[in-house]
Each structure stands twice: as structure tokens, then as C-alpha cells.
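The structure appears right after this line, and notes come after that.
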Amino acid sequence: DEERERGAREKKEVDWKTDLEGKQKQSANLEDYRDQWAQIESSLAIMIKQMPTKEEVASLLVDISQTGLASGLEFRLFKPSAPIAKDFYSELPIAIQVSGKYEELSLFVSGLAALPRIVTVHDVKITPVSKDEAMIMDATVKTYNEQQRAAEASEDKKRRGTRWKMEKNYFLQATRP
């Protein structure tokens with residue numbers, strides 16, 4: 001009985017020592033982890049700033065179209081789809097079909113990469129059309145914007161409703177004789 005208790009205590013002691021050593025190793029790297037975390041937060045903040053707001057999406061669609069036209073391409077299809085909700089952002093896909101020479105297609109893709117907002121190109125399919133170097137590119141262009149959390153969106157709606165009521169009351173008072 002005593003031997004079992006001693007064995008159990010010794011096992012607990014070994015487990016505690018192992019646990020302590022692991023925690024000491026973690027704490028030795030704590031400052032590095034904090035630095036990495038700060039870098040990640042900084043990178044995330046920069047990326048979020050590069051995401052268009054809902055108000056900026058229309059302007060970004062024009063920028064994408066203008067980039068294609070400035071590259072010498074002809075748009076055959078430019079079809080924005082409904083946003084796709086992800087963890088903390090929304091994906092805004094745009095189906096496109098453009099025609100032009102290979103150099104114009106590459107100029108367009110480079111131009112998209114140079115836009116101040118995050119724009120990515122997916123599902124690219126390039127098909128030659130004729131012997132005069134004309135090609136058709138089918139692709140999905142995606143941009144992203146930050147999703148509002150449900151609670152924040154609810155608060156925004158409340159604030160807008162309150163503001164509207166205040167403006168309505170002000171208007172009604174101002175228009176009374």
C-alpha cells in the first residue's frame with residue numbers, strides 16, 4: 001500500500017517536472033511569441049485597410065473594368081455575384097470574360113495586382129480564338145471586404161434608426177408654422 005502511494009507520488013512528481021519544463025520553454029520564447037503576434041496583427045490591419053468598404057465596392061468595380069479597357073481588352077462578360085460570407089470577411093466574386101492579345105491579358109492581370117485594394121484572379125482559362133493572336137480569358141476576379149459582426153451591425157441599425165427619427169423630428173419641427 002505504502003509502495004503504491006510512493007510510486008503514485010513519484011509519478012506525479014515526474015509529471016509535474018515535465019509540465020514545468022514545458023512551461024519554462026514556452027515562457028523563454030514568450031517575448032518572441034508576443035513580437036510575432038504584433039507582426040501578425042499589424043499585417044492583418046494593413047490587409048483589412050486594403051479591403052474595400054461596402055461604399056467603395058462600386059468604385060472598385062469601375063477600377064477593374066477601367067484596368068481591362070486600359071489594357072486594350074474587350075469585355076464580353078462582367079458579372080458581379082452575391083457576396084460569399086467567410087469567417088470575418090466577405091468574398092465578392094466577379095465572373096469576367098475578356099478578349100485580346102496575350103500581352104493585353106497579362107497587362108490586365110498586372111494592373112489588377114497594382115490596384116490599391118485586394119483583388120485576386122481565380123479559375124483562369126485562356127482560349128486561342130484565331131491565328132491573329134486573339135484570345136479569350138474566362139476568370140473569376142475576387143475582392144474582399146470585412147464583415148461586420150452581428151452585434152455591430154445591429155448597433156449600427158439602431159443608431160441609424162435613432163438618427164433617422166431625430167432627423168425626422170427635426171424636419172417636422174422645422175416645417176411647422
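Of the possible polar contacts, none joining the S65 side chain to the L61 backbone as a donor-acceptor pair under 3.5 Å is found.
When side chains are defined from C-beta on, M137 does not count as touching K125, because their heavy atoms never get closer than 4.5 Å. In this structure, T140 and V121 have side chains that are not in contact, with every pair of non-hydrogen atoms separated by 4.5 Å or more.
Under the 4.0 Å criterion applied to side-chain N and carboxylate O atoms, E2 and R6 are not assigned as salt-bridge partners.
Here CG of D138 is found 9.5 Å from CZ of R76. Values are rounded to the nearest 0.5 Å. In this structure, CD in E103 is found 16.0 Å from CZ in F108, a value given to the nearest 0.5 Å. The line from OG of S71 to CD of Q66 is 10.5 Å long, rounded to the nearest 0.5 Å. If you take CD on E104 and CD on E74, they are separated by 10.5 Å, rounding to the nearest 0.5 Å. Rounded to the nearest 0.5 Å, atoms CG (L107) and NZ (K101) are 13.0 Å apart. Here T143 contributes atom OG1 and I94 contributes atom CD1; the two are 7.0 Å apart, rounded to the nearest 0.5 Å.
Heavy atoms only, all atoms of each residue included: S90 and A85 are closest at OG-CA, 4.3 Å. Of all heavy-atom pairs between L105 and L73, the closest is CD2-CD2, 3.6 Å. Heavy-atom minimum distance, A82 versus P93: O-CD, 3.7 Å.
By the salt bridge (Lys or Arg N to Asp or Glu O under 4.0 Å) test, K23 pairs with D19, sequence neighbours left out. Partners of K11 under the salt bridge (Lys or Arg N to Asp or Glu O under 4.0 Å) rule, at least two apart in sequence or in another chain, are D15.
Through side-chain heavy atoms spaced under 4.5 Å, either directly or across other Ile, Leu, Val, Met, Phe, Trp or Tyr residues, V129 is tied to I136.
A continuous path of hydrophobic side-chain contacts links I96 to L69 [ILVMFWY only; heavy atoms under 4.5 Å]. In this structure, V124 is not a member of the same hydrophobic cluster as L77, with clusters built from ILVMFWY side-chain heavy atoms closer than 4.5 Å.
Test I84, V119, L92, T120 against Y144 for side-chain contact (heavy atoms from CB on, under 4.5 Å) and you get one pass: T120.
Within a 6.0 Å radius of CZ in F75, other residues, nucleotides and ligands contribute more than 12 heavy atoms. The environment of CD in E5 is crowded: more than 12 heavy-atom neighbours from other residues, nucleotides or ligands sit within 6.0 Å.
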